[in-house]
Amino acid sequence: MKKLDKLILMSFWGPFIVTMSVVVFIFLMKIMIFYIDDFVSKDLGIWDYSRLFFFFSLITVPTALPLAMLLSSLMAFGNLGEFFELTALKSAGISVVRAMAPLFIVAVGISIFSFYFNDRVSPWANLKGYSLLYDIKTTKATLKIKEGIFYNDLPGYSIKVDKKMADAQSMKGMVIYKHDNRSYERGNTQIILADSGKMYTINENSNLVIELYNGTMYNEETEGSGRAYLSPIATGGPGAPPPSTKFTRNVFDHYKLVESLSSFGMRRTDEGQFKYHEFMKNIDDLNHTADSIKTSYDETKKNLLPNSQQYFSYNYKQGTDQAIKPGKWIDSLMAKPIKDSLKTEILTNAKSSASSMQSYVKSNAEYLQSKMKDASKYELEKHHKYTNAISCLVMFLIGAPLGAIIKKGGFGVPVLVSVLFFILLYVLINQGDKWVKEGMLSVPVGAWLANTVLFLAGAYFIDRARSDSRLFDKDVYQMRIKRIKSFLASRFGKSRLINS
């Protein structure tokens, strides 16, 4: 039996490793394509991209494990059935369930590994990956200057060039507006015009050098607190500069500017800002957060009645609501004459109190509902730590008997069947989560819905595989259709004879 177990295990591990690698790569490319716009024109090193790919590869592992388990087990038993090895095993008195035993142990081990990975590695990878992705998304694009268009992403400057040369450094017809922190109220006070120039980076792209040739610099300095105005030479407008403005004009043959590009580099954000999300927490953190939300929910419900008394005009005392009893004294109060002005005031106050109370009830109801949704969200993620692990075992219970029934190996039919069941798993998981968030199902029922349905399907397939069912053979269904047709023909033929 050891040789038999080794044979089955060897036929399993090869497809499992290949499938796992392919599935992780596909999911990784899906994520990268989704965020491709955030990576374009970002001057990032290979180390940053390597870290991002590594973290997101880890994030995709829990999703890839069930599909890899399903496909590899289906291929393993499909190959055994296609080459009549399963038939030989059955003729030797070895059942399909016994042949599945070594892979069942492997599936249990992979489920345990998946649980540990979901609880410990995935939160860490999610935190690292999405915080790094946020930093990349918020990083400015590299210095990309287009001909005839002002470039404003360099802090303190607006730059326009008429023509860029082939070396990507030399430029013709340069206009540079320099801004300070009061440009919004004083306008552009310094303008540089140059016939040609160069732009390049130094110190490992940390500084930008702008070299200008054969140009003129126009500068205005405000005297006192008056508003500065651009000179007629700079703006092309008529008139002389205001008396409060000092204007200078400098002509140069060669002028160099050096500016820092620190704002273009990627800055790491504090990872603590992302830890609130349920995907960044393990089971202990999820339990703690869910308990805190439930405690806040209970305290809010407990304080609803005491806090509501502020919206009533009478002096409320604890216990008086139970001491007040109906009687004639109420009729005597109602019979007292009241002026019209006082009636209007009473009605106005009553409407105001009712409106305030309605607003109070509505806001608290919405607050309590949001608290319940938050608690359900964390509870749901805690259950998914277990369901994602158990789904590996459930997928094996589907894949192994299906492979024995279909008797087809390779990547043809197994891939098609695996994708169909994986889509079913994905749809059931999302539908269960949706029903939980809408309050239609409790958290445990919604979280375990997918595994329950697919486990029942797996149990059915195991029963069919034990009885050597021809569940997917088309000739079986063709024979049944022929029997139904012959039965209907004989039935209707007899009725016609009787009627005639």
Side-chain angles (χ1 to χ4, degrees), residues 20 24 27 31 51-52 54-66 68-69 107-135 268-302 367-395 425-426 428-430 432-439 441-452 455:
M20 187 69 186
V24 169
F27 281 115
I31 295 174
R51 290 168 59 214
L52 186 68
F54 173 72
F55 291 135
F56 274 93
S57 297
L58 294 179
I59 292 172
T60 59
V61 168
T63 306
L65 275 175
M69 193 73 210
V108 172
I110 292 176
S111 298
I112 295 173
F113 168 78
S114 178
F115 172 75
Y116 174 81
F117 197 96
N118 283 320
D119 188 41
R120 298 299 174 182
V121 181
S122 287
W124 173 80
N126 276 293
L127 179 61
K128 295 290 185 180
Y130 281 103
S131 62
L132 180 59
L133 178 63
Y134 174 80
D135 295 336
R268 292 312 316 270
T269 309
D270 182 15
E271 294 177 351
Q273 299 180 16
F274 301 91
K275 288 185 176 180
Y276 72 93
H277 204 283
E278 65 269 19
F279 295 144
M280 318 295 181
K281 298 179 181 293
N282 56 28
I283 290 179
D284 294 335
D285 295 335
L286 290 170
N287 283 329
H288 177 73
T289 306
D291 292 341
S292 300
I293 294 175
K294 289 179 180 178
T295 302
S296 176
Y297 176 85
D298 294 337
E299 289 179 354
T300 303
K301 284 189 65 176
K302 183 179 178 181
Y367 175 78
L368 291 175
Q369 187 177 7
S370 67
K371 283 291 183 181
M372 284 299 296
K373 286 184 177 180
D374 291 340
S376 298
K377 183 170 61 176
Y378 288 103
E379 286 283 341
L380 196 61
E381 181 60 24
K382 182 186 72 174
H383 279 275
H384 280 322
K385 302 288 186 184
Y386 298 96
T387 58
N388 288 339
I390 297 299
S391 62
C392 297
L393 182 60
V394 172
M395 286 300 176
L425 173 67
Y426 181 80
L428 289 175
I429 289 175
N430 283 275
D433 292 352
K434 180 183 177 182
W435 285 338
V436 169
K437 293 174 183 177
E438 292 176 354
L441 292 177
S442 61
V443 174
V445 175
W448 290 90
L449 175 66
N451 281 344
T452 303
F455 174 78

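Every value quoted in this text rests on a predicted model; they were computed, and no experiment measured them.
Put simply, the side chain of S296 never gets that close to the backbone of S292: no donor and acceptor are under 3.5 Å apart. In this structure a side-chain-to-backbone donor-acceptor pair under 3.5 Å is missing from D119 to F115.
Between V24 and S57, the shortest heavy-atom contact is CG1-O, 4.1 Å. For the pair A450 and L428, the tightest heavy-atom approach, listed with the atom from each and the gap, is CB-CB, 3.5 Å. In this structure, L58 and F117 approach most closely via the heavy-atom pair O-CE2, 3.2 Å. Residues A447 and T387 share a closest heavy-atom pair of O-CG2, 3.4 Å. Nearest approach of G432 to L449, heavy atoms of both residues: CA-CD2, 4.2 Å. The shortest heavy-atom contact between A389 and S114 is CA-OG, 3.7 Å.
More than 12 heavy atoms of other residues, nucleotides or ligands shown are found within 6.0 angstrom of OH on Y297.
Note that OG1 of T63 and CG of N118 are 8.5 Å apart. Values are rounded to the nearest 0.5 Å. Atoms CG and NE2, on D433 and H383 in that order, are 11.5 Å from each other to the nearest 0.5 Å. A distance of 11.5 Å separates NE2 in H288 from CG in N282, rounded to the nearest 0.5 Å. Between atom CE of residue M20 and atom OG1 of residue T60 there is a gap of 7.0 Å, rounded to the nearest 0.5 Å. For the atom pair I110 CD1 and L393 CG, the distance stands at 10.0 Å (nearest 0.5 Å). With rounding to the nearest 0.5 Å, the separation of CG in L286 from NZ in K385 is 6.0 Å.
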(request) Take K382 and E379 through the salt bridge (charged side-chain N to carboxylate O under 4.0 Å, His left out) test and state the conclusion after the steps. (result) CA-CA 5 Å; K382 182 186 72 174; E379 286 283 341; 3.4 Å; yes
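Within the 4.5 Å cutoff, side-chain heavy atoms of W448 are placed close to those of I390. Residues Y386 and I283 are in side-chain contact: their nearest non-hydrogen atoms beyond the backbone lie under 4.5 Å apart.
Of the charged side-chain nitrogens involved, none lies within less than 4.0 Å of a carboxylate oxygen, so that K281 and E278 do not count as a salt-bridged pair.
Remark: aromatic rings of F56 and Y130 are close, center separation under 6.0 Å.
Results of the side-chain contact (heavy atoms from CB on, under 4.5 Å) test with L65 over S111, C392, S391 single out C392 as the only residue that passes.
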